[in-house]
Amino acid sequence: MTDRPTGRTATEPAAGGRTPTSRTGYLQAAAAFAVCMAGTTLPTPLYGLYQEQIGFSELTVTVVFAIYAFGVIGVLLLVGNVSDTVGRRPVLLCGLALAAGSAVAFLAEQGLPLLCVGRLLSGLSAGLFTGTATAYILELAPPGRRARAGFVATAANMGGLGCGPLLSGLLAEYAAHPLTLPFVVHLVLLAASFTVTWFLPETVPDARPLRTARPRRPTLPPEVRGVFVPAGIAAFAGFALLGVFTSVTPAFLAQSLGIHNHAVVGLIVFVAFFSSTLGQLLVPRLGTARAIPLGCLVLIAGLALLALSLARTTLPPLVLSAVVGGIGQGMGLRGAVGEVAAAAPAEHRGGALSALFVVAYFGISIPVIGVGLLSEPLGLADAGLVFTACMAVLAAASGAYLLHRARTRS
């Protein structure tokens, strides 16, 4: 929300045209990334309370959730690569301001309209952060820590998404004011993140003022196009699994398993995102090219466990699905981000990563709405089974394509 003038140390490249780096700057940017993303999943364990207070169907829950995803997609499509010209830091400051607006909307919530506004603002903030913060962390890292920075970026993304429901679930279950306190805590964290980000250096040489930003669709340089399709399919399927966990799991636990503890709901969703972070740790040993097809295979196993839980109405396979599916999603996501970031020229990296996350967030929105629509005639469990079958087919297609591509090149 600022385009304040800055000196050479903040906005211009270091001497010799090098990107400014520090030992901890990329970690500070990752912390702000995690805080922003935590706000996007903060309402997950609270949907049951909102349903009781406002009174709406499971389909409405999935639509409210998908409003967030469409907000992300809209930003990524219109201004996904704007940070390549105006700089990373001003875009992230705008994202933090929008996240604060989302928290305020939830605090002022008096019905469904403000709930939707809060989700939309949350989606806009995540859209600004997702590709930009990933590129920023990679650029801020010292040369010897660039490989680690790739993990830090995706771990901040997934870790933040996981910490949101864990925080709100614990506060909703064991503290007063369950629909207020989580967002007050998040506002405090956002204020700290805004302060930290304000003082980070800019990494885009000759960054223009923020007021000069114009909508531009993300572009795919020719160097990226060969790997983008399989990487995008894997990201789509993985994010679809996480989307179902964050939007449908609370209702499944309450309606089918009789579990109404908000902390348990938040913990199970947290396990899925935490497992994604663990899956990302495996990628350096495997290599990004191998991580995507292997991640798809593990993701299919996670989807099978989810189908078993839905069919048998039992909790253990659901927890195992969160672990196994999360690991597969993490392997595929870090592999996809690594392949796209490595293939993209520096001046197009933000836009290329934004384009990848456009595909990923379509995975969060479209299948989740489909589950909500099918839950009316089929019931939540059978709708989930249809979802798992479709996502398993997509994951298998991505893995098979990459394996075939690797064989033809060898």
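Computed from a predicted model, the values in this text were never measured in an experiment. The analysis underlying the following values was restricted to heavy atoms, covering all of them including side chains, and did not include hydrogens, waters or symmetry mates.
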Closest heavy-atom pair, L128 versus L92, reported as atoms and distance to 0.1 Å, is O-CD2, 4.2 Å
task: Answer yes or no: is there a side-chain heavy-atom contact under 4.5 Å between T85 and V204?
output: no
Shortest non-hydrogen pair, P178 vs L49, comes out as CB-CD1, 3.9 Å
Looking only at heavy atoms, the pair that brings A149 and A141 closest together is CB-CB, 3.5 Å
Taken in chain and number order and not counting sequence neighbours, the residues that satisfy side chain to side chain contact (heavy atoms under 4.5 Å, CB included) with L107 are T180, F183, V184, L187
Per side chain to side chain contact (heavy atoms under 4.5 Å, CB included), L42 is matched among L166, L167, L171, V185 by L167
Side-chain polar contacts of residues 306-325 - donor-acceptor pairs under 3.5 angstrom, sequence neighbours left out - could you list them?
unit_1	atom_1	unit_2	atom_2	d
S309	OG	T314	O	2.7
S321	OG	G302	O	2.9

Scanning both residues in full, the closest heavy-atom pair of L378 with A383 reads CB-N, 4.3 Å
Contacts of F387 meeting ring pair (Phe, Tyr, Trp, His ring centres under 6.0 Å) (sequence neighbours excluded), chain-then-number -> none
Between A392 and L303, the two heavy atoms sitting closest are N-CD1, 3.5 Å
Sequence neighbours excluded, the answer for side-chain hydrogen bond (donor to acceptor under 3.5 Å, both in side chains) partners of S83 is R88, T132
Residues passing the side-chain hydrogen bond (donor to acceptor under 3.5 Å, both in side chains) test with E173, sequence neighbours excluded, are none
Query raised in the report: Got a donor-acceptor contact below 3.5 angstrom from the H186 side chain to the V35 backbone?
Result: yes
Rounding to 0.5 Å, atoms CG (L115) and CG (L179) come to a distance of 9.5 Å
Sorted by chain and residue number, the side chain to side chain contact (heavy atoms under 4.5 Å, CB included) partners of V264 (sequence neighbours excluded) come out as I259, N261, I268
Output for pair (I292 CD1, E339 CD), nearest 0.5 Å, gives 5.5 Å
Practice prompt. Take L241 and L299 through the test side chain to side chain contact (heavy atoms under 4.5 Å, CB included) and record every step on the way to the result.
Written response: CA-CA 9 Å; L241 175 64; L299 181 63; 3.5 Å; yes
T44 meets the side chain to side chain contact (heavy atoms under 4.5 Å, CB included) criterion, sequence neighbours left out, with T41, P165, T246, P250, V269
Ring pair (Phe, Tyr, Trp, His ring centres under 6.0 Å) pairs touching residues 273-329, sequence neighbours excluded, are F270-F274
Please tabulate, for side-chain N and O atoms in residues 230-240, each donor-acceptor pair with protein atoms closer than 3.5 Å (sequence neighbours left out).
none

CG (L161) and CG (L242) are apart, to the nearest 0.5 Å, by 8.0 Å
In this structure, CG of L96 is separated from OG of S193 (nearest 0.5 Å) by 6.0 Å
Residues passing the salt bridge (Lys or Arg N to Asp or Glu O under 4.0 Å) test with R119, sequence neighbours excluded, are none
CG (L93) and CG (L200) are apart, to the nearest 0.5 Å, by 9.0 Å
Side-chain donor or acceptor of T40 paired with backbone N/O of C36 under 3.5 Å:
no
With sequence neighbours left out, the residues meeting side-chain hydrogen bond (donor to acceptor under 3.5 Å, both in side chains) with Y136 are none
Applied to residues 271-281, the side chain to side chain donor-acceptor pair (under 3.5 Å) test, sequence neighbours excluded, yields T154-Q280, S276-Q280, S276-Q329
- Query: So do T134 and F357 actually touch side chain to side chain, heavy atoms under 4.5 Å?
  - Reply: yes
Applying side chain to side chain contact (heavy atoms under 4.5 Å, CB included) to Y68 and L120, what does each step give before you reach the verdict? CA-CA 5 Å; Y68 152 77; L120 178 62; over 6 Å; no
To the nearest 0.5 Å, atom CD of Q53 lies from atom CG of L46 at 10.5 Å
Note to self: If you define the side chain from C-beta out and look only at heavy atoms, does anything of L140 sit under 4.5 Å from I137?
What the structure shows: no
From the list L356, V72, V75, side chain to side chain contact (heavy atoms under 4.5 Å, CB included) with Y361 holds only for V72
Between M331 and A291 the two heavy atoms that sit nearest each other are O-CB, 3.7 Å
